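Here's the structure we're looking at; comments come further down.
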Amino acid sequence: MQSTALLRLLQLASPSLPVGAYTYSQGLEAAIEAGMVKDEDSARGWIVEWLGVAADFEAPILWRLLKAFSARDLEAVTFWTERLVAGRDTAEFRAETLQMGYSLGKLVVDLKIADDALLEILARQVEIPLPTAFACAAEALGVPHENALLGMLFSSAENQVLACVKSVPLGQLSGQRVLLSLHSTIERAALQARSLMDDELSNWAPGLSLFSMRHETQYSRIYRS
Amino acid sequence: MYLIPRSEDALIMRDTASVHHLYPAQHSSVPAPGQPHTPLQARLSLKFVEDGGATRLTERDHFGPLIVQKPLYPEGREICQVVIVHPPGGVVGGDQMEIAAKVGVAGKAQLTTPGAAKWYKANGNISRQNITLDVGSGGSLEWLPQETIFFDNAHVELEHSVTLGKEASYIGCEILCFGRTASGESFNGGQICQRIGIRRDGKLIWYEQLRLSGGSPAMRNPLLLAGRTVCATLIAAGPTVSAAVLEAAREGAAGIAVDGGEARISQLKGLVVARYLGNSSQTARRVMLDVWSHLRPEMLGRKAVVPRIWNT
């Protein structure tokens, strides 16, 4: 990976990217409230399982979106974008990906990093979930697909570690230890995302759906998902 | 009272008789190991048409062991209820079933089944079911089958696609049971694949793809099946449901799922989703019926009259 591409990926995957990622816990806050995530071990356990769910659906779809943007294939981008949004099965999970996707999509336009063909494909989407905006940005910045996929999975995992540090709570050292230990899981998730065939995808995660639904009516919460 | 022409009655009687003759309880119980099985193909195609305020079943083509009984009108002539019967009682590896139902503009139909759908242990072949539902503008369709039981080592592919026109409503419910837990069996092998897609005006509004291998870590994963054996889902597509009704439905579901299970509800744009995860198909039935009872008046503008076949 060239240093220019590496620097661009670091910026794209940074928690300081202004898309509001820090306001979403991706179901984790409900698991903390339920007492399921309560220390370093259970935090790591949750994020490992969460990455497994991502590796079955969102990550392989991001992989397909990266290929589709690269080929400037409007039809393929539209197909996977629609499937990704419709596959988000709770109100908060749908809002989370659409709000972040909207912000990142707007950033791509305002930063003037994308060519006309990419902008046109993005503009033609009825709704922009985060992976679609991320794939468009990665393609615009010339980040290799394999690295973009790792970057997206890493920033999701990092976001959850931050939520654990804040809400479990975990110490800073403990959080960094968890994140470091997740690297091999992230690599495995990326490999799986690249190898799954279309009919091997699965977004069926009723346990996670129930945590998200529980969060909608949770009395005390600081995150939006 | 809506009357069915006598000739149609005769037709159904003959169909039923011929089906029983062709498939004499071939696998009304679990087939014996090693017993040869000729895969069954079954197709059913239904068409409902609104006619002067009544909904009539105007077409029912079937091939093989999938039949419908006489259409019923327990709520009057506006809504036509049809019970779909699969005489063999269970699906063996290699069997293929196709059900297509089309509800015309402003038609109202309710489809249900008389008993659990059983998917037997695979014999090296995949069993398939393909359901295609199409609801025209202003129409409604309720898909309320009894529970689905996946026997240990079943290998099944299910496809369920729904197409909705403008202001059409749809309520679909499924109760998936993994393994015959009543007989102490768990789902240790085999594979279940299911795809559910709902489109409104051409736009995909719901998509679920399930791929679960028997005995895999996913069955214990707290984010997936969480060590439970029954997962039920109700999806209602139609008008937005008021906060008060949603709250009542949430309380009702939570009040029923108290035996170690959990039931919750979320409202998305144009869609309400209810899920139950637990170990009891009976509790799942009660949760699904209760949620349905709350949502039906909002979605269909009709009070909830529980299909008689669900009361058994």
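Note on naming: letters A, B, ... go to the chains in the order of the sequence lines (proteins, then strands), and numbering restarts at 1 for each one. This structure is a prediction, so every number in the text was calculated from the model and none was measured.
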Residue part contacting chain A, namely of B:Ile196, when any heavy atom lies under 4.5 Å: neither
Heavy-atom contact with chain B under 4.5 Å, split by part of A:Phe93: neither
Contact part of A:Arg214 toward chain B, heavy-atom cut-off under 4.5 Å: side chain, backbone, both or neither? both
Side chain, backbone, both or neither: which part of B:Cys231 has an atom under 4.5 Å from a heavy atom of chain A? side chain
Return the minimal non-hydrogen interatomic distance between A:Asp89 and B:Leu268, and the atom names on each side. O-CD1, 4.0 Å
So for B:Glu208, is it side chain, backbone, both, or neither that comes closer than 4.5 Å to the heavy atoms of chain A? both
Can a donor-acceptor pair be found, under 3.5 Å and without considering hydrogens, that links the side chain of B:Ser266 to the backbone of A:Met213? no
Looking at chain B, which one of A:Gly45, A:Ala91, A:Ala95 has the largest number of heavy-atom pairs inside 4.5 Å, strictly under? A:Ala91
Are B:Lys203 and A:Glu127 close enough for a salt bridge, meaning some N to O gap below 4.0 Å? yes
Part of A:Val85 within contact of chain B (heavy atom distance under 4.5 Å): neither
State whether A:Glu82 and B:Arg199 are salt-bridged, where the test is any N-O pair (Lys NZ or Arg NE/NH1/NH2 against Asp/Glu carboxylate O) under 4.0 Å. yes
When the 4.5 angstrom heavy-atom criterion is applied to A:Glu216 and chain B, the contacting part is side chain
Just to be sure I understand the criterion: a residue of residues 195-212 of chain A counts if one of its heavy atoms is under 4.5 Å from a heavy atom of chain B. Which ones qualify? A:Asp198, A:Asp199, A:Glu200, A:Leu201, A:Ser202, A:Asn203, A:Trp204, A:Ala205, A:Pro206, A:Gly207, A:Leu208, A:Ser209, A:Leu210, A:Phe211
Cut-off 4.5 Å, heavy atoms of chain A, and the answer for B:Ile205 is backbone
Decide if atom CG of A:Asp116 counts as having more than 12 heavy atoms of other residues, nucleotides or ligands within a radius under 6.0 Å. no
So, the part of B:Leu271 with a heavy atom under 4.5 Å from chain A: the answer is side chain
